[in-house]
Protein chains: 2
Amino acid sequence: MKKMDYQNVKGTQDYLPEAEKVRRDIRRTLEDVFIQYGCQPLETPILNYSELLASKYGGGAEILEEMYTLSDRGERELALRYDLTIPFAKVIAMNPAQRMPFKRYEIGKVFRDGPVKRGRFREFTQCDVDIVGVDSKVAEAELMIMAIDAFKKLKLEILIQYNNRKLLVGLLEEFGISINNMNKTILILDKLEKVGVMNVLKELTELNVERTTIDFIEKFLKEEEYRSFQYLDTFSSLNRNIKEGLKELEELKSYLSYLGIDGECVFNPFLARGLEIYTGSVYEIFLKDASITSSIGSGGRYDNAIGGLLGSDQTFSTVGISFGLDVIYEALNPKERIPNKRSEVDYIIIPMGAVKEALSVATALRRRGYVVELEMSQKKIGKLLNKANKDGVGKVVVIGEDEVKRNQITIKDMNSGKETTETYVFNERQKENFS
Amino acid sequence: MKKMDYQNVKGTQDYLPEAEKVRRDIRRTLEDVFIQYGCQPLETPILNYSELLASKYGGGAEILEEMYTLSDRGERELALRYDLTIPFAKVIAMNPAQRMPFKRYEIGKVFRDGPVKRGRFREFTQCDVDIVGVDSKVAEAELMIMAIDAFKKLKLEILIQYNNRKLLVGLLEEFGISINNMNKTILILDKLEKVGVMNVLKELTELNVERTTIDFIEKFLKEEEYRSFQYLDTFSSLNRNIKEGLKELEELKSYLSYLGIDGECVFNPFLARGLEIYTGSVYEIFLKDASITSSIGSGGRYDNAIGGLLGSDQTFSTVGISFGLDVIYEALNPKERIPNKRSEVDYIIIPMGAVKEALSVATALRRRGYVVELEMSQKKIGKLLNKANKDGVGKVVVIGEDEVKRNQITIKDMNSGKETTETYVFNERQKENFS
């Protein structure tokens, strides 16, 4: 027999039970919060026409290079989705009768054939909420407080940085960035946290941006006064983008203050967000302790993407937020946390010969709502009790000939050591065995 | 602007909220039952080396034709998984320290580029439970009663047909099927429910099976006596496979009787299950009302697959069951069911100008655990109340200037029509607003 070399494909991994239990908790916590916030569930396919995903309202050139492509037996040109935003926009485009505003969530796998590092994989899970049909910045505020509530439940302390794409574009215009260089400049600024000011300026020089412009940008990146709405407002009369961006920011800020979350939400005028589709607010979520430096969630407003996909001039006010399950899992770093001693298993049933009777007791307890493990190994009873103890299982029931004969079971509480006896009628039909 | 032609890829579809809520219920119900039965969660990648998925212990030649293949930037030859069994076997092979017995569940997307029909897609979701390390047929019995409990919770009446691969092979040997024709014959028999006896016999003739053998098989398929263990036992002395198969069936039957589920579990000696990997028990789950004729779940014992994948002679007793989320969703046929009048939304908050105050009330109620929708459309109040009524939302709160001035909110119960007033302190910091 040929022995195969088992390994996972680069950028993919298995999650074994201990890890997957944590991921299940994250997934359910996020989903429950999404539901509380009135979000509707949506499920879209992983397989898409590559033409759809490559549209100019998709992820932009950088992501397209990372798109996995394939074809089916009908020779259709397909690709694996790289985010949940384009499939959402497609659903809106395909369902013109959908009632607006529409707030949906989707939790699902996405794929990017890109660089791999800690918390960053080629196959990963995104958890997205998007709202279409609301122009008011109350939509952004609701997504931001939703993020704060969600991470509170996950016991992670976060900071949300926010900015406005119009303001950033307006400032860059005033500094002398040409229309042609605008998107490239924003992409370079997006790497600020990762590469630092000097490397940003170096890359701008390589882009042949003029010396005076670079000097302006350097000042912008270094001086605190740019973080004040009042100071920025002095540019408002010069540039319409700056004026509109500031107005939107002030509206958003008023909601954040009213909700009392302006301590956790910090205005950052350099925050860029790489994607071209953003048209207004942008935000990124970071861990307060910076134990992971990349963002653990992000989003913003993209009012032109759905209309653009539709090929119409109609504007669809759209704002979204996306949480990365894998990076949140890394942030929770379960290895370093105190392990949860209590098992999720309520009862372990150990048969001593009486296998079918043990299965009957397990079934009866499960039907009462308990989580029950039927021990099926042939190990010695002492070993099994030790294992149950180590795993933190609450209660153990051993079923042997005696129990069956006496129609009684003994439940041993592993914490207190106490034993209690219950009547259990062992019979041929699984019916009202407990009396 | 170019107008794109939006459609989903053949064999894929979107699930809009009404559908997805039903699917979410199915997924959570199954997962909760799996947890109750002591199953551990596992998550494996969709992207796999095609060599792994094409191994002889994989899905067999028929499935391999339906495998989606692709490559990544490292020119690795990859494929999308077509089931959750091979990825599970791979995890066991890669983790020799895994404690046995090991019972895991996984719910995830799988892909098959095959024919499309009702309840059958190219991208679909499987919900699998497998147990490795248990030789006793109590494992099969536990999976079968788990299926019965799960479908009871889903309010679907089911029948489980079961058989044993050894028995079937033994009988076919006795009828004169050669070793070369064995798997092909089993594949033909597997289509019995779909194509009927005449077509099965026709296909066997095309396989050049001898006339006498076909006559035996015809008799086998038509005569009731083959459904009795006693009758089949008369062949036991002739054939070791028949003898062993019957012994295993009798063991399994003893558990099913003891649990009182032998009414829902019916022995069917013709049940074939197409996959080559099965080595003992096989079973398929059908709707009692046969509103969908194909099975809605299935499984069996495959003791050689993991050892085979490992390239070792070691036997890994393994038994599994798989539920098809998409076909269960079809079975629940939500369109034909009485729609659930009660919405999942507890409160709708409607701002009359007072947007940030409305968001504050929504947040406070959410933090009390309620599902709350903040109405963000600019529609007239009468329309919004009608919509809330139609959607079956329990309670509506309208927030206008008056409410803010008086620090009071009025909660209207849409069922009783009653209104209650509560004190709510509107202030700049989201803190203890309810008094």
Side-chain angles (χ1 to χ4, degrees), chain A residues 1-4 6 8-9 12 14-15 17 20-21 24 35-36 38 40-49 68 70 72-74 76 78 90-91 93-94 101 109 113 123 134 138-139 141-142 145 255 258-260 311 345 355-356 359-360 363 366 371-374 376-377 428-431, chain B residues 1-4 6 8-10 12 14-15 17 20-21 24 35-36 38 40-49 68 70 72-73 76 78 90-91 93-94 101 109 113 123 134 138-139 141-142 145 255 258-260 311 345 355-356 359-360 363 366 371-374 376-377 428-431:
Chain A
M1 260 180 276
K2 190 191 160 205
K3 199 171 154 74
M4 275 180 78
Y6 292 101
N8 283 319
V9 175
T12 74
D14 299 308
Y15 292 97
E20 189 58 17
K21 279 178 198 164
R24 184 175 71 197
I35 292 170
Q36 272 208 306
Q40 306 288 312
L42 189 70
E43 187 182 333
T44 62
I46 287 169
L47 286 173
N48 288 273
Y49 283 106
Y68 286 97
L70 69 166
D72 69 4
R73 58 167 64 189
R76 295 170 187 87
L78 309 179
K90 178 211 69 185
V91 168
M94 281 176 71
K109 285 265 178 101
D113 191 6
E123 175 174 339
V134 180
V138 72
E142 194 178 41
I145 195 159
Y255 299 127
Y258 194 81
L259 294 169
V345 176
V355 174
K356 62 175 188 277
L359 178 54
S360 164
T363 302
R366 283 164 183 157
V371 176
V372 181
E373 174 122 34
L374 174 64
M376 296 195 204
S377 73
E428 279 290 320
R429 318 260 91 204
Q430 181 86 27
K431 256 180 204 144
Chain B
M1 262 180 273
K2 193 190 160 202
K3 200 172 152 74
M4 277 181 77
Y6 292 100
N8 283 319
V9 175
K10 189 177 175 188
T12 74
D14 299 308
Y15 292 97
E20 188 59 17
K21 279 178 198 165
R24 185 175 70 198
I35 292 171
Q36 273 209 305
Q40 306 288 312
L42 190 70
E43 187 182 333
T44 62
I46 287 169
L47 287 173
N48 287 273
Y49 282 106
Y68 287 97
L70 69 165
D72 69 4
R73 58 167 63 190
R76 295 171 187 88
L78 309 180
K90 176 210 70 183
V91 167
M94 282 175 69
K109 286 265 179 100
D113 192 7
E123 174 173 340
V134 181
V138 72
E142 193 179 41
I145 195 158
Y255 299 126
Y258 193 82
L259 293 169
V345 176
V355 174
K356 62 176 188 276
L359 178 54
S360 165
T363 301
R366 284 164 182 156
V371 176
V372 181
E373 173 122 33
L374 173 64
M376 295 194 205
S377 73
E428 280 289 319
R429 317 258 92 203
Q430 181 87 27
K431 257 180 204 145

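Here is the naming used below: chain letters follow the sequence lines, and residue numbers restart at 1 for every chain.
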How far apart are the closest heavy atoms of [X] and [Y], and which atoms are they?
{"X": "B:R24", "Y": "A:P41", "answer": "NH1-CG, 3.5 Å"}
{"X": "A:K21", "Y": "B:Q40", "answer": "NZ-OE1, 2.9 Å"}
{"X": "A:Y15", "Y": "B:L42", "answer": "O-CD1, 3.4 Å"}

**OP:** To the nearest 0.5 Å, tell me how far B:T12 OG1 sits from A:L47 CG.
**Re:** 6.5 Å
Side-chain heavy-atom pair [X], [Y] within 4.5 angstrom cut-off:
{"X": "B:Y255", "Y": "A:V355", "value": "yes"}
{"X": "B:L78", "Y": "A:L70", "value": "no"}
{"X": "A:P45", "Y": "B:V9", "value": "no"}

By a 4.5 Å heavy-atom criterion (distance strictly below it), what part of [X] contacts chain B: side chain, backbone, both, or neither?
{"X": "A:R73", "answer": "both"}
{"X": "A:V134", "answer": "side chain"}
{"X": "A:N48", "answer": "backbone"}

**OP:** Please identify each residue that fulfils salt bridge (Lys or Arg N to Asp or Glu O under 4.0 Å) with B:E43, with sequence neighbours left out.
**Re:** A:R23, A:R27, A:K109
Original post:
How would you list, by chain and number, every residue that makes a salt bridge (Lys or Arg N to Asp or Glu O under 4.0 Å) with B:D14, sequence neighbours excluded?
Top reply: A:K90
Original post:
Between A:E142 and B:L359, is there a donor-acceptor pair closer than 3.5 Å when you use the side chain of the first and the backbone of the second?
Top reply: no
